[in-house]
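The analysis underlying the following values was restricted to heavy atoms, covering all of them including side chains, and did not include hydrogens, waters or symmetry mates. No experiment lies behind these values; they were computed from the predicted model shown. Below, read A as the first sequence line, B as the second, and so on, with proteins coming before strands; counting in each chain starts at 1.
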Amino acid sequence: MRIATWNVNSIRSRIDRVTGWLERNDVDVLAIQETKCREDQFPGLELSAMGYDYAHFGLNQWNGVALISRVGLDDIATSFADDQPMFGDPEIVEARSIGATCGGVRVWSFYVPNGRTLEDPHYVYKLAWLERLRLASIEWLAENPRGEIALTGDWNVAPQDEDVWDMSVFEGHTHVSKPERDAFQAILDAGYADVVRPHTPGEFTYWDYQQLAFPKKRGLRIDFILASEALASRVDRAWIDREERKGKGASDHAPVVIEIT
DNA sequence: ATGGTCGAAAGTCGA
């Protein structure tokens with residue numbers, strides 16, 4: 001079984017890319033982020049026609065997450081906790097998480113808040129969001145220590161210096177600050193492993209659209225698949241589909257894939 | 001190709 005995560009940066013402008021990629025890559029479960037649309041705008045017919053079920057949570061033109069599966073889609077949740085941190089005026093639970101059980105695996109698609117700048121309220125929100133997710137992640141394993149759980153998505157954190165094309169450019173920026181890195185590490189410490197990094201040393205998952213970042217290899221590793229121990233032990237292969245970042249109409253993120261036995 | 005983003009309430013925000 002193949003499970004993937006991909007920040008598609010608008011599902012409506014990328015649907016042909018997504019269906020084509022699914023066809024070529026034999027992926028069973030795809031977690032997507034930044035659908036940037038409401039439920040009634042989600043292009044579900046194209047996915048249904050391919051034999052995939054989907055669950056989408058989108059409120060407006062911002063954020064939006066979905067799960068696309070051809071191995072079942074049960075027990076759908078559109079927040080990771082009853083008190084998932086809120087943002088906005090008025091404050092709302094944004095469309096940043098959706099979970100479902102697919103082929104026996106509890107799969108989550110997360111779009112972690114960006115943070116914007118270290119002084120922005122969005123940064124405080126980001127850290128609170130990650131801390132609440134840590135607690136939820138602990139609870140899921142406490143309920144079922146042998147559970148197969150995949151925490152996937154755009155984490156908006158570059159956990160290691162090697163995950164950034166030039167650390168000097170990121171001095172004082174979000175994504176690399178110690179509190180963000182500590183928050184990400186704390187979720188690993190809760191009992192989850194980055195099952196892609198060992199298979200993809202030195203690779204990035206995101207390249208800005210600006211300044212020819214992709215051809216200049218100026219990227220970041222901010223998209224991750226974290227697996228509980230029971231799931232991690234089943235991972236045979238993992239890769240980042242850098243080819244999908246190429247060409248006209250590409251998302252600024254590449255898909256990240258794991259293959260399990 | 002020899003410069004330089006893209007997508008979304010459509011004006012400007014967010015990334």
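The CZ-C1' distance, from A:Phe87 to B:dG14, rounds to 11 Å in whole Å. When the C1' atom of B:dA15 is taken as reference, atom CG of A:Asn7 falls 9 Å away, rounded to whole Å. Taking atom NZ of A:Lys126 as the reference point, atom P of B:dG14 lies 15 Å away to the nearest angstrom. Taking atom CD of residue A:Glu94 and atom C1' of nucleotide B:dC13, one finds them 14 Å apart after rounding to whole Å. Residue A:His173 contributes atom NE2, which lies 15 Å from atom P of B:dA15 at whole-angstrom precision.
Between B:dG11 and B:dC6, the two C1' atoms lie 16 Å apart (nearest whole Å). Comparing the P positions of B:dA9 and B:dA15 gives an interatomic distance of 16 Å, to the nearest angstrom. Distance noted for atom P between B:dG3 and B:dG7: 24 Å (whole Å). For the C1' atoms, the distance from B:dG14 to B:dA10 is 15 Å, rounded to whole Å.
With salt bridges taken as basic N to acidic carboxylate O contacts below 4.0 Å, one links A:Asp161 and A:Arg181. Of the charged side-chain nitrogens involved, none lies within less than 4.0 Å of a carboxylate oxygen, so that A:Arg106 and A:Glu148 do not count as a salt-bridged pair. Electrostatic pairing of A:Glu162 and A:Arg197 counts as a salt bridge here, judged by a charged N lying under 4.0 Å from a carboxylate O.
Side-chain rings of A:Trp62 and A:Tyr111 stay apart, their centers remaining 6.0 Å or farther from each other. Aromatic pair A:Phe170/A:His175: ring centres not closer than 6.0 Å. The aromatic ring centres of A:Phe204 and A:Trp165 sit 6.0 Å or more apart.
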Under 4.0 Å protein heavy-atom contact, by nucleotide of nucleotides 4-12 of chain B - B base, S sugar-phosphate only: BBSBSB---

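Taken residue by residue, residues 157-172 of chain A places no heavy atom nearer than 4.0 Å to DNA chain B.
Here A:Tyr111 lies in heavy-atom contact (under 4.0 Å) with sugar-phosphate atoms only.
Checking A:Asp163 against A:Tyr206 by side-chain atom types alone, no donor-acceptor pair falls below 3.5 Å.
For the pair A:Arg17 and A:Trp21, the cation does not sit on the ring face, since its NZ or CZ is not both under 6.0 Å from the ring centre and inside 45° of the axis.
Using a 30° and 60° split on the angle between ring planes, A:Phe224 and A:Phe184 fall in the tilted class, from 30° to 60°.
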